[in-house]
Amino acid sequence: MSEYIQKLNDAQREAVVNFRCPSLIVAGAGSGKTRVLTCRIAYMLEQGVAPDTILALTFTNKAAAEMRERIGQLLSPQATRRIWMGTFHSLFSRILRAEADKLGYPSSYTIYDASDARNLVKQIIREMNLSDETYKPGDIAARISLAKNNLITPGAYEANASLQAEDRERRRPQFVDIYKLYVQKCRQNGAMDFDDLLLNTNILFKDFPDVLARYQAQFRYILVDEYQDTNFAQYVIIRRLAEQHSNVCVVGDDAQSIYSFRGAKIENILRFRNDFPDARIFKLEQNYRSTQTIVDAANSIIEKNTKQIRKRSFSTAEQGEKIKVIKAYTDKEEAILIAGDIASTVREKDLSYSEIAILYRTNAQSRSLEESLRGRNIPYKIYGGVSFYQRKEIKDLLAYVRLVVNPKDDEAFRRVINTPARGIGDVTVNRIAAAAAERNLSLWEAVSTLSSDDMEMKGAAGKKVTAFAGMIGELSGMRATAEAYELGLEIAVRSGIIGTYKMQQTPEAVSALENIEELINSVRAYTDEQKRIAAESGDDAQARVTLDEWLQNVALLTDMDNEKPEERNKVTMMTVHGAKGLEFEYVYVAGLEENLFPSMMSLGNEEGLEEERRLFYVALTRAKRGAVLSFAESRFKWGEMTFCRPSRFLGEIDPKFLDIQFDADDLSAPEGGNDAPVRTAYGGRGGYRKQEAGRKDYTGNARTYYSGREQSRGERSSERPAQGGFRHAAAPVREMSPVVPDSRFRSVGSRPQVEPEQRIPSAPRPAESAGAGDEFEVGMLVRHDKFGTGRVTQVEEWSGDVKITVEFDGAGRKTLLRRFAKLTPLRRG
DNA sequence: CGGACGAGGATTTTT
DNA sequence: TCCTCGTCCG
């Protein structure tokens, strides 16, 4: 038996070697889940399973790459090449690319990300003359996504009385019309959104049984990582593919299901046994990551949930330190206390900053934490915020590539036609659109084949459009011969994107250029890599990698995928969601307050609350050695000071694991009293009775948040069967309720790429006497046609012009550009 | 066209 | 608070 098998514990080994039956591997936090998965695949290969009969599905590219890497280490890198290992989206997009013609799509279809999808929805709502008050694009896009995730096509949606009733009730009777048009436009544009990759795979498998049979025959072994996060569409794909060989191995942890807002169904893992009655279940319960204290504390939280697979994680590591709980008066103080604690922890335990993470529920919390870390000169890195791929310059460049690759992509066309500005305005675009619609052409097809007269354009506009068409046409022509990298660079240059940013001297423009450079380099890296793989495996078919291919790949990437190793020795700051799958020596969880963590939005129903509890479980189990939990009594939210109560989760941790850092006066029991403080602090473990006897301070809070419902739960009822039974394809419709929350993107606390310290300050420079600058100066009295007279308070040079700030007597302060404003100097100050 | 300005909105977000 | 979006004006 291979060495790597011997090193496994019994449960792990069982889960590895029994690979010829449906298997459910319940893998608690830190239980060596990835290890088991990689060993299982390695073992399968060693047992003679052909690599291309293995389909291994993950949720992130990172997870797939890591797994491939580790299998490669166990066997050889070559051995892993032909395994179908990757994300649901990337593998099925590959299949769809091969089978596109059957669905009436071009094989070089483009992939819309969430914001592309939302923009299209928005545009449709405008076109239909609907109010974007009632039809909020974000809501509509989310509902479309929800429908697709539940395999409800527009036709099925329309035929469904209860969904229709729901929309009427919510005063959005025309939702289904938007949905229809959206699907139609995507198809016209030769585009699929993320959800389509799964939905269309299902349609392909349903409508083309021979195609399904082919893939069923091929994938004799199906493995799914993070199964608790699969949605209905993914679930059905897996079931369909598994029908023939019934050989599915799913790995996951129901306690870490935290993506229901994205359509994930915890029921999929809870009910795996019903789907595969002869499945074997392997429970990995030994935690290798954390101390006993952390594991036991986490258990004491998660056992409050009713929906779960019973298991008992245990750690054989040392008992370890208690979990520190910090109270602060304000969010600002909380941040300062955390920074201080990090500084001393790092010093005392001789840690590197990279071994520490601060986790929070919402990105908005990062700001105060950031400031306090900076105040103490603690290096940090914030994850989240505006992603690389969401940056304007990147989306612009990608839109060009999309248009060049897929001439039907009207969305790309609209984005690109006047970016950078080339004097083609709405009026012109509308004319193009009208002409195109009349002839049933895409926008690009119209522009490249019709004359200016056909589009009813006057001289200047017509010329500009012709020039644009010529440029795209030439780039498009290069596709057949040029290397992807060259073409990418050519697009960046010819489009004028690079030139425009080069002209500007702002730090933003510099960073934009760097991003563009990075993107283009990634084309080269990708093609080189693909060529290397092709060479290794002896395929000549891949001699030249096209831009199409890279584009499909890049659409499915996220920031996590270009993590740079130089981010060493920095404290990690991220949301709890972002931390799933990671581990740190010390973890700080900030903002443990009611309405924040658990989030206010989750409090309406028990299911939401249970998910928050799982989220807290995830947060806590990231810690190897120590955890620090903090809360503030007041916090700035949306510019307003709000008062907060400590999170109920604090009270749910068995107090014997806690080390309370505050308020000994009010909370502590008499000397020698063992654990009274915590009980009175949070009312955990029946402690609330005591509080009701009339303690002050926190007791009042405790009484409130241990509301009747909480108390009445009394003896926990975890034996109760899981609620909300899973419905199968027969009635997927029920899956539509409740409606998902608004899922529009936020982008608070962004700038992950540029360290604040490294930013070039853009402080206004006084205008040089170059040209017109000296005409105005601070203190001068001036007159303006509209605003009357005023005094100049600031003059600065501003990208080729002069920006003048004037305090007007009547109209207040205005900032004017010299080039435009008709300002008359009156008298020197 | 493109910047200034005010209103409104603000969980979480693997792809 | 602080960002995004729409509108208005030079």
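All chains are named by letter (A, B, ...) in the order of the sequence lines, taking the proteins before the strands, and each is independently numbered beginning at 1.
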Legend entry - Value in whole Å for how far the P atom of dT13(B) lies from CG of Leu359(A): 12 Å
Inset, instruction - State which of dT14(B), dG6(C), dT13(B) makes the closest approach to the side chain of Thr60(A). - result: dT14(B)
Inset, instruction - Take the protein atom NZ of Lys136(A) and the nucleotide atom P of dA7(B), then report the distance between them rounded to whole Å. - result: 19 Å
Legend entry - Integer-rounded Å distance: dT13(B) C1' and Asn149(A) CG: 13 Å
Legend entry - C1' gap between dG6(C) and dT11(B), integer Å: 25 Å
Inset, instruction - Would you indicate what Phe636(A) reaches in the nucleic acid, counting non-hydrogen atoms under 4.0 angstrom: base, sugar-phosphate, or nothing? - result: nothing
Inset, instruction - Have a look at Leu57(A) and say if it touches a base, only the backbone sugar-phosphate, or nothing, with a 4.0 Å heavy-atom cut-off. - result: nothing
Inset, instruction - Please report, rounded to the nearest Å, how far the P atom of dT14(B) is from the CG atom of Asp195(A). - result: 14 Å
Inset, instruction - Would you indicate what Ser599(A) reaches in the nucleic acid, counting non-hydrogen atoms under 4.0 angstrom: base, sugar-phosphate, or nothing? - result: base
Inset, instruction - Would you tell me if any nitrogen or oxygen in the side chain of Asn363(A) comes within less than 4.0 Å of OP1 or OP2 on dT13(B)? - result: yes
Legend entry - Listed nucleotide nearest any side-chain atom of Thr575(A), set dG6(C), dC1(B), dT12(B): dT12(B)
Inset, instruction - For the pair Ser599(A) (side chain) and Asn595(A) (backbone), establish whether a donor and an acceptor sit closer than 3.5 Å, ignoring hydrogens and angles. - result: no
Inset, instruction - For Tyr360(A) and dT11(B), give me the distance from atom OH to atom P, rounded to whole Å. - result: 16 Å
Legend entry - Residues that Arg94(A) engages under side chain to side chain contact (heavy atoms under 4.5 Å, CB included), provided they are two or more places apart: Trp84(A), Leu91(A)
Legend entry - Base orientation of dT12(B), syn vs anti, 90° cut from 0: anti
Legend entry - Pairwise C1' distance for dC3(C) and dT14(B), with rounding to whole Å: 25 Å
Inset, instruction - Indicate, with yes or no, if the rings of Phe261(A) and His577(A) have centres closer together than 6.0 Å. - result: yes
Inset, instruction - For Phe261(A) and dT12(B), say yes or no: do the ring centres fall under 5.5 Å of each other while the ring planes differ by less than 30°? - result: yes
Legend entry - Minimum-distance nucleotide to Lys122(A) side chain [options: dT14(B), dT11(B), dG6(C)]: dG6(C)
Legend entry - Rounded distance in Å - CD (Glu226(A)) to P (dT14(B)): 13 Å
Legend entry - Phosphate contact (dT13(B) OP1 or OP2) by Arg118(A) side-chain N/O below 4.0 Å: no
Legend entry - Distance in angstrom units between Glu66(A) CD and dT14(B) P, rounded: 17 Å
Legend entry - Candidates Leu359(A), Thr572(A), Leu620(A) - the one meeting side chain to side chain contact (heavy atoms under 4.5 Å, CB included) with Val587(A): Leu359(A)
Inset, instruction - Taking the six-membered ring for Trp and the single ring otherwise, decide whether the centroids of Phe194(A) and Tyr112(A) are under 6.0 Å apart. - result: no
Inset, instruction - Would you classify Gln228(A) as touching base, sugar-phosphate or nothing, given that sugar-phosphate means primed atoms plus P, OP1 and OP2, and contacts are heavy atoms under 4.0 Å? - result: nothing
Inset, instruction - Would you please confirm or rule out a distance under 4.0 Å between OP1 or OP2 of dC1(B) and any side-chain N or O of Lys464(A)? - result: no
Inset, instruction - Rounded off to whole Å, could you give me the CD-to-C1' distance for the Gln390(A) and dT14(B) pair? - result: 14 Å
Inset, instruction - Tell me what Gly581(A) touches on the nucleic acid: a base, only sugar-phosphate, or nothing, going by heavy atoms under 4.0 Å. - result: nothing
Legend entry - Residues that Ala555(A) engages under side chain to side chain contact (heavy atoms under 4.5 Å, CB included), provided they are two or more places apart: Ile111(A)
Legend entry - Given DNA chain B, 5'-ward residue of the pair Leu556(A) and Met600(A), judged by closest heavy atom: Met600(A)
